[in-house]
Amino acid sequence: MKLRSTIMLLITATVWGVAFVAQDVGMDYVSPFVFNGMRCIIGAIALLPVIFCRDRAKGGAAKPWRDKTL
């Protein structure tokens with residue numbers, strides 16, 4: 001468990017450090033609004049497979065947020 005925690009900490013630090021450099025360089029080429037918009041789009045695309053896999057792991061479609069009998 002300690003090894004797993006250490007590896008996850010190193011991965012987090014690496015992603016955080018690389019993201020800062022990418023933001024610094026990216027802001028030289030586009031405006032802040034375009035940059036943040038592209039970050040959101042890339043984040044959504046990256047999360048789609050995670051959402052799909054978690055949904056399949058639950059055994060199908062998610063339940064509606066409210067009861068139909070109301």
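Not measured: the values here are computed from a predicted model.
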Side-chain atoms of residues 8-27: list all donor-acceptor pairs with protein atoms under 3.5 Å, sequence neighbours left out, distances to 0.1 Å.
residue	atom	partner	partner atom	Å
T12	OG1	M8	O	2.8
T14	OG1	L10	O	2.8

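- Distance CZ/R56 to CD1/I51: 15.0 Å, rounded to 0.5 Å.
- Rounded to the nearest 0.5 Å, atoms CG (D28) and CZ (F35) are 10.0 Å apart.
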